[in-house]
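Report on the structure given below.
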Amino acid sequence: MLGIVSFAHADDDFESCISRLKETARAAQISPAVVDRVLDQVSRSQRVLELDQRQPEFTQTFASYFSARVTDTRVSQGRELLDRHRVLLERVRAQSGVPPQYLLAVWGLETNFGSYLGKTAIPDSLATLACDQRRSRYFTTELISALRIIESGDISLDQMHGSWAGAMGHVQFMPTTYLKYAIDFDGDGRRDLFTSLEDAFGSAGHFLNRLGWESGLRWGREVRLPADFDYRLAWGTEPRALTEWRRLGITDAFGQRLPVVSVEATLRLPAGHRGPAFLTYRNFDVIMGWNHSVSYALAVGHLADRIVGAGRLQISPPVDDLRFAPADLMEIQLELNRLGYDPGEPDGRLGPATRQAVGQFQADRGLIADGHLDPAVVDLIANSFKDSQRAKAP
């Protein structure tokens with residue numbers, strides 16, 4: 001298989017990059033006519049580059065992200081659509097093992113149940129991002145896949161519009177995902193995720209199944225932590241047996257004891273100790289295979305539950321939580337490092353290493369060590385760093 005190389009260089013202009021992308025596409029056995037027809041029309045989008053820097057899954061607070069996506073209106077729509085498409089959704093469940101409510105939840109989050117599929121020209125988005133330094137290799141691969149889809153006839157160039165990042169159709173598949181997992185569920189000879197709900201639902205179920213969906217297992221659940229809980233257990237993402245969490249005093253959201261079943265679960269506190277707590281199972285990780293965001297997967301799981309009759313969260317996330325731009329979080333990571341706490345390589349993302357560093361900082365100061373950057377902790381880190389700098393001054 002042809003290796004994909006990065007074409008982004010600081011001194012490159014867009015035209016030179018497109019010329020090299022054409023060479024790679026031809027070397028990948030894409031028809032020269034398709035290559036020229038598509039890439040001769042692409043243009044660089046500054047808007048796409050701006051959106052790539054501030055994806056909501058990673059820059060919004062959990063409260064703002066979650067509340068904007070799991071709404072009463074969306075729940076009501078999901079229940080209505082469950083009734084309307086039940087026969088089709090059950091056919092998909094029979095083939096994939098994925099229950100209807102999860103397919104609807106993904107559809108709801110990705111395109112608001114098909115009401116907005118995106119208006120950005122996919123070739124423009126992918127070419128712009130392939131010619132940008134940040135993730136050139138990844139988006140070059142996606143651009144080559146988009147050309148293959150056009151060449152196959154599944155989607156025409158005129159039809160290929162979607163999100164700023166290149167995702168398309170009712171369930172917003174990236175081109176490489178489209179090639180690997182989209183299926184012709186309606187049997188018309190084309191994999192059409194734009195106008196065929198049969199193909200869209202069938203492909204979504206097929207994708208989740210291939211990612212490892214376990215039939216009969218839910219995504220997870222909201223839980224309640226005991227007053228004396230050791231929050232260091234929430235720093236990482238290592239699963240424990242559900243019976244172990246039960247032994248540690250965790251109950252369901254209503255105070256009932258957890259079931260004694262052979263399931264491993266991961267504790268997640270997306271808004272720290274002041275917000276809701278969740279135990280997530282293997283299918284939660286499968287949902288994150290679709291979109292690698294804890295907030296996204298929690299929203300999908302909870303929306304799915306609401307569609308089939310569950311109520312709201314028992315504990316709402318705090319609305320005064322902080323929103324971080326990557327540069328702001330990177331500065332906090334640098335401050336932690338200089339204070340003697342290792343958050344890993346500063347990258348502007350709140351990963352396990354950063355949560356552990358924050359948690360250890362909190363523990364050393366007698367705070368609840370949940371590893372979460374709430375407003376008080378951020379101020380304390382900044383002030384501690386300033387104090388340490390003053391102490392070092394001659």
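Note that these values count all heavy atoms, side chains included, but never hydrogens, waters or copies made by symmetry. Residue numbers start at 1 and run along the sequence shown.
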Audit row: E110, Y116, side chain to side chain donor-acceptor pair (under 3.5 Å) steps and yes/no: CA-CA 9 Å; E110 293 292 349; Y116 185 75; over 6 Å; no
Hey, what do you get for CD1 (I30) to CG (D36), rounding to the nearest 0.5 Å? 12.5 Å
For side chain to side chain contact (heavy atoms under 4.5 Å, CB included), just list the numbers for D184 and R190, CA-CA rounded to whole Å, side-chain angles, deciding distance to a tenth of an Å, and then say yes or no. CA-CA 6 Å; D184 174 21; R190 295 174 58 238; 5.7 Å; no
Y341 vs F361 aromatic rings, parallel, tilted or perpendicular, using cut-offs 30° and 60°? perpendicular
For V34, is there any backbone N or O sitting under 3.5 Å from a side-chain donor or acceptor partner on E151? no
Which value, rounded to the nearest 0.5 Å, describes the distance between R69 atom CZ and L303 atom CG? 12.0 Å
Hey, mind stepping through R20 and E23 against salt bridge (charged side-chain N to carboxylate O under 4.0 Å, His left out) and telling me if it holds? CA-CA 5 Å; R20 288 192 295 275; E23 293 174 7; over 6 Å; no
Would you find a donor on one side and an acceptor on the other, under 3.5 Å apart, between the side chain of D199 and the backbone of S203? no
State whether the side chain of S136 and the backbone N or O of Q133 hold a donor-acceptor pair below 3.5 Å, judged by distance alone. no
Answer whether the closest heavy-atom distance between the side chains of F324 and L350 falls below 4.5 Å. no
Any side-chain heavy atom of L322 sitting closer than 4.5 Å to one from L373? no
Heavy-atom closest pair, residues A357 and D342: CB-O, 3.6 Å
Evaluate the side-chain proximity of H206 to V92: yes if any heavy-atom separation is below 4.5 Å, no if none is. no
If hydrophobic residues (ILVMFWY) are linked whenever their side-chain heavy atoms come closer than 4.5 Å, directly or via other members, who joins L217 in its cluster? V223, L225, F229, Y231, L233, L242, W245, L248, I250, L258, V261, V263, L267, L269, L279, Y281, I368
Can you tell me how far the CZ atom of R218 sits from the CG atom of N283, to the nearest 0.5 Å? 11.0 Å
Minimal non-hydrogen separation, G359 against W235, with atom names: C-CZ2, 3.3 Å
Hey, what do you get for OG1 (T195) to CD (E198), rounding to the nearest 0.5 Å? 10.5 Å
Could you check whether any side-chain heavy atom of R282 comes within less than 4.5 Å of a side-chain heavy atom of V286, counting everything from C-beta outward? yes
Shortest non-hydrogen pair, I149 vs P175, comes out as CD1-O, 3.7 Å
Quick check: does any side chain N or O of S125 sit under 3.5 Å from a backbone N or O of W164, one acting as donor and the other as acceptor? yes
Classify the side-chain pair S45/D124 by whether it contains a donor and acceptor separated by less than 3.5 Å. no
Is a salt bridge present between K22 and D40, judged by a nitrogen-to-oxygen distance below 4.0 Å? yes
Test item: E142 side-chain N/O and T176 main-chain N/O as donor-acceptor pair under 3.5 Å: yes
Do the ring centers of W213 and Y102 come within less than 6.0 Å of each other? yes
Is a side-chain donor or acceptor of Q41 paired with a backbone partner of R37 at a separation under 3.5 angstrom? yes
What's the separation between atom CD1 in I307 and atom NE2 in H302, rounded to the nearest 0.5 Å? 10.5 Å
On the six-membered ring of F139, is R137 placed so that its NZ or CZ lies under 6.0 angstrom from the centre and within 45° of the ring axis? no
Would the distance check show the side chain of D154 and the main-chain N or O of R191 forming a donor-acceptor pair, the cut-off being under 3.5 Å? yes
Count I, L, V, M, F, W, Y as connected when their side-chain heavy atoms are under 4.5 Å apart, and connections chain through other members. Are L298 and I315 then in the same cluster? no
Same cluster (ILVMFWY, side-chain, under 4.5 Å), M330 and L336: no
If you define the side chain from C-beta out and look only at heavy atoms, does anything of K180 sit under 4.5 Å from R210? no
Output, in order, the C-alpha distance, side-chain angles, deciding distance and verdict of side chain to side chain contact (heavy atoms under 4.5 Å, CB included) for L143 and V38. CA-CA 10 Å; L143 178 60; V38 176; 5.6 Å; no
Evaluate the salt bridge (charged side-chain N to carboxylate O under 4.0 Å, His left out) criterion for residues D52 and R134: first the C-alpha distance (whole Å), next the side-chain angles of each, then the deciding distance (0.1 Å), finally the verdict. CA-CA 10 Å; D52 187 43; R134 292 181 66 244; 2.3 Å; yes
Which atoms form the tightest heavy-atom contact between L82 and P100, and what is the distance? CD1-CB, 3.6 Å
CG (N291) and CE (M174) are apart, to the nearest 0.5 Å, by 11.0 Å
Say whether Q333 and D347, considering side chains only, have a donor N or O and an acceptor N or O under 3.5 Å apart. yes
Working note: Q46 + R44, criterion side chain to side chain donor-acceptor pair (under 3.5 Å); need CA distance, chi angles, decisive distance, verdict. CA-CA 7 Å; Q46 183 61 35; R44 183 178 182 276; 3.2 Å; yes
May I ask you to check whether over 12 heavy atoms, not counting those of R365, lie within 6.0 Å of atom CZ? yes
Quick one: do the W107 and N112 side chains pair a donor with an acceptor below 3.5 Å? no
Between E335 and R338, does at least one N-O distance fall below 4.0 Å, as a salt bridge requires? no
If you look at every heavy atom in A63 and V319, which pair is closest and at what distance? CB-CA, 4.4 Å
Are I381 and V378 in one and the same hydrophobic cluster, where Ile, Leu, Val, Met, Phe, Trp and Tyr link if side-chain heavy atoms are under 4.5 Å apart? yes
H161 ring center within less than 6.0 Å of F194 ring center: no
Is D252 salt-bridged to R224, going by a charged N under 4.0 Å from an acidic O? no
Do side-chain atoms of Q172 reach the backbone of T111 as a donor and acceptor pair under 3.5 angstrom? no
Min side-chain heavy-atom separation L193-M168 under 4.5 Å: no
Any donor-acceptor pair under 3.5 Å from D370 side chain to G272 backbone: no
Validation row, ring centre Y181 to ring centre W290 under 6.0 Å: no
Least distance between heavy atoms, A271 atom then F62 atom: CB-CD2, 4.4 Å
Classify the side-chain pair D13/S16 by whether it contains a donor and acceptor separated by less than 3.5 Å. yes
For this output row, return yes or no: ring centroids of F173 and F207 closer than 6.0 angstrom. yes
Under the side chain to side chain donor-acceptor pair (under 3.5 Å) criterion, do R257 and T251 qualify, and how do the steps go? CA-CA 5 Å; R257 301 196 73 184; T251 67; over 6 Å; no
Please tell me if the side chains of S384 and L380 come closer than 4.5 Å, counting only heavy atoms from C-beta onward. yes
Quick one: does W219's side chain get under 4.5 Å of V300's, heavy atoms only? no
Show your working on side chain to side chain contact (heavy atoms under 4.5 Å, CB included) between E264 and R240 and close with a plain yes or no. CA-CA 5 Å; E264 290 203 327; R240 294 169 178 257; over 6 Å; no
So, does S64 use its side chain to make a donor-acceptor pair with the main chain of T61 at under 3.5 Å? yes
If we ignore angles and hydrogens, is there a donor and acceptor under 3.5 Å between the side chains of H372 and D321? yes
